[in-house]
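The structure appears below as structure tokens.
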Amino acid sequence: MQLGRNCIRKRFMIRQAALSLLLALFAAKCGAQEPAYFVTYSHAMEEPGNLEIAIKGVQGSPKFGNPFVSETLELEYGAQAWWTTELYLAGQHTSNDSTVFTGFRWENRFRPLFREHFINPVLYVEYENTNLADRSLLEVVGHDSIADMRVSNAAGRGETEREMELKLILSSNFRGWNVSENFITEKALNESEPWEFGYALGVSRPLALAASSRPCVFCRENFAVGAELYGGLGDLDGFGLKATSHYAGPTVAFDIPRGPTVSFSPNFGLNDNSAGVIYRFSVSYEVQQLFGCFHRSGK
């Protein structure tokens, strides 16, 4: 079992390093630094016309289960200043099992207030079409637990879940700090199950607010650090913390000048229903004015 876990970790790091290098080679412009979050959403929206391409990875070794690596491709587009839309494609590999495609998600975020306020609300609507083999862990709701990570791929891929997910995102910026709170609710569309609830909390700050007077890669303003806390809140039949899972961990993001943003976070399970630790890793790159680039290339 230990050998299998070491192999899966090495494979995870090699894949993510290759993706980071690939994106860095194609990098031409730099994107804005955003809060260093993996699960929590702030009120930051994609700039209109910009496309952000990201790979998010999750590696875990659940107790009495097989180690796994989940990878999610995200395509986020700024449709309007008040509207950001995003497509997710997810898959995972489980050691001693198989590699499977686990489904897709279509997300839309709407910001009703244009100006900056002390508390900035964002409304989130998402349609999910995933199977029970999904390990992306983009959120934790209801009674999600470590037991879900032990389901074999053969058993999980045979059951598809079609769900609608809603979030109320509240976010504030204060003296360089971002503080965000998300309330999550989710409803199965193809099964008669009750509404499920969850939460995510995050705090983040760049290491420096002012840019350096000279160009440099490892300047403090290129780094953001933070922390996240998230978990389930039961369902409509039993709202609360009973039989739920919760995670917390630090986050760090490195915004490479004229290149991608690389982020990492170890998340630690806070109770017996949670995995002991899961590792999150992401590489993202923003293509500015996507259709403008096509127009220029066509000249």
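With sequence neighbours left out, Glu107 forms a salt bridge (Lys or Arg N to Asp or Glu O under 4.0 Å) with Arg109. Not counting sequence neighbours, Glu161 has no partner by the salt bridge (Lys or Arg N to Asp or Glu O under 4.0 Å) test. Partners of Phe239 under the ring pair (Phe, Tyr, Trp, His ring centres under 6.0 Å) rule, at least two apart in sequence or in another chain, are Phe197. Partners of Tyr88 under the ring pair (Phe, Tyr, Trp, His ring centres under 6.0 Å) rule, at least two apart in sequence or in another chain, do not exist in this structure. Listed by chain and number, the residues in a salt bridge (Lys or Arg N to Asp or Glu O under 4.0 Å) with Glu181 amount to none (sequence neighbours excluded). Legend: residues meeting salt bridge (Lys or Arg N to Asp or Glu O under 4.0 Å) with Glu74, ordered by chain and number and at least two apart, are Lys56. In this structure, the ring pair (Phe, Tyr, Trp, His ring centres under 6.0 Å) partners of Tyr230, at least two apart in sequence or on a different chain, are Tyr247. Checked against ring pair (Phe, Tyr, Trp, His ring centres under 6.0 Å), Phe118 has no partners two or more places apart in sequence or in another chain. A search for side-chain contact (heavy atoms from CB on, under 4.5 Å) contacts involving Phe174 returns nothing, not counting sequence neighbours. Evaluation of the side-chain contact (heavy atoms from CB on, under 4.5 Å) rule for Asn120 yields His43, Arg111, Glu116, His117 as partners, not counting sequence neighbours. For Leu168, the side-chain contact (heavy atoms from CB on, under 4.5 Å) test picks out Leu123, Leu170, with sequence neighbours left out.
Without hydrogens or angle criteria, Glu221 side chain to Ser212 main chain gives a donor-acceptor distance under 3.5 Å. Although no hydrogens or angles enter the test, the distance criterion places a donor-acceptor pair under 3.5 Å between the side chain of Ser265 and the main chain of Pro250. With hydrogens and angles ignored, the 3.5 Å screen pairs no side-chain donor or acceptor of Asp148 with any backbone N or O of Leu132. Checking side-chain atoms of Asn271 against main-chain N and O of Ser274 turns up a donor-acceptor pair under 3.5 Å. Between the side chain of Thr185 and the backbone N or O of Leu166 there is no donor-acceptor pair closer than 3.5 Å. Distance alone, capped at 3.5 Å, places no donor-acceptor pair between the Thr72 side chain and the Leu89 backbone. Here the side chain of Asn190 pairs a donor or acceptor atom with the backbone of Thr160 at under 3.5 angstrom. In terms of modelled atom types and a separation under 3.5 Å, the side chain of His143 and the main chain of Ala243 share a donor-acceptor contact.
The heavy-atom pair separating Cys216 from Asn222 by the smallest distance is O-ND2, 3.4 Å. Nearest heavy atoms, Asp255 versus Gly259: OD1-O, 4.5 Å. Between Val58 and Ser136, the closest heavy-atom pair is CG2-O, 3.4 Å. For the residue pair Pro48 and Gln80, the shortest heavy atom distance occurs at CG-C, 3.8 Å. Between Ile169 and Ser42, the shortest heavy-atom distance links the atoms CG2-O, 3.8 Å. In terms of heavy-atom proximity, Tyr37 sits nearest to Glu228 at CB-OE2, 3.6 Å.
No side-chain heavy atom of Val140 sits less than 4.5 Å from a side-chain heavy atom of Val39. Side chains of Leu207 and Val225 form a contact here, defined as non-hydrogen atoms less than 4.5 Å apart. By the 4.5 Å heavy-atom criterion applied to side chains, Phe64 and Pro62 are not counted as neighbours. With a 4.5 Å cut-off on side-chain heavy atoms, Val283 and Thr261 do not count as touching.
Each of Tyr41, Trp106, Trp83 was compared with Tyr124 under the ring-ring contact (aromatic ring centres under 6.0 Å, His included) criterion, and only Tyr41 meets it.
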Test side-chain contact (heavy atoms from CB on, under 4.5 Å) on Val277 and Tyr279 and set out the steps. CA-CA 7 Å; Val277 60; Tyr279 299 96; 4.0 Å; yes
CA sep, side-chain torsions, deciding dist, call: Leu137, Asp144, side-chain contact (heavy atoms from CB on, under 4.5 Å): CA-CA 10 Å; Leu137 299 177; Asp144 292 348; over 6 Å; no
Passes side chain to side chain donor-acceptor pair (under 3.5 Å), Thr85 versus Asn108? Steps please. CA-CA 4 Å; Thr85 186; Asn108 291 276; 3.0 Å; yes
Dump the intermediate steps for side chain to side chain donor-acceptor pair (under 3.5 Å) on Asn178 and Ser180, then the final yes or no. CA-CA 6 Å; Asn178 176 265; Ser180 296; 2.8 Å; yes
Starting from the C-alpha separation in whole Å, work towards a yes-or-no answer on side-chain contact (heavy atoms from CB on, under 4.5 Å) for Val217 and Phe254. CA-CA 10 Å; Val217 174; Phe254 176 30; 3.7 Å; yes
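Listed by first then second residue, pairs satisfying salt bridge (charged side-chain N to carboxylate O under 4.0 Å, His left out) with a partner in residues 122-142 read Arg105-Glu126, Arg105-Glu128, Arg105-Asp134, not counting sequence neighbours.
Criterion: ILVMFWY side-chain heavy atoms under 4.5 Å apart, direct or through other members. Under it, Leu290 and Leu73 are part of a common hydrophobic cluster. Met45 and Tyr77 are not part of a single hydrophobic cluster, where members link through side-chain heavy atoms under 4.5 Å apart.
The structure places OG of Ser245 at 11.5 Å from CG of Asp272, a figure rounded to the nearest 0.5 Å. Once rounded to the nearest 0.5 Å, the distance linking CD of Glu159 with OG1 of Thr130 reads 10.5 Å. Separation of atoms CG (Asp97) and CD (Gln92) is listed at 7.5 Å; rounding is to 0.5 Å. Separating the CD atom in Glu52 from the OG1 atom in Thr84 is a distance of 10.0 Å, to the nearest 0.5 Å. Residue Tyr127 holds its OH atom at 10.0 Å from CD of Glu163, rounded to the nearest 0.5 Å. With rounding to the nearest 0.5 angstrom, the OG1 atom of Thr94 is 13.5 Å from the CZ atom of Arg150.
Aromatic ring centroids of Phe183 and Tyr199 lie 6.0 Å or more apart.
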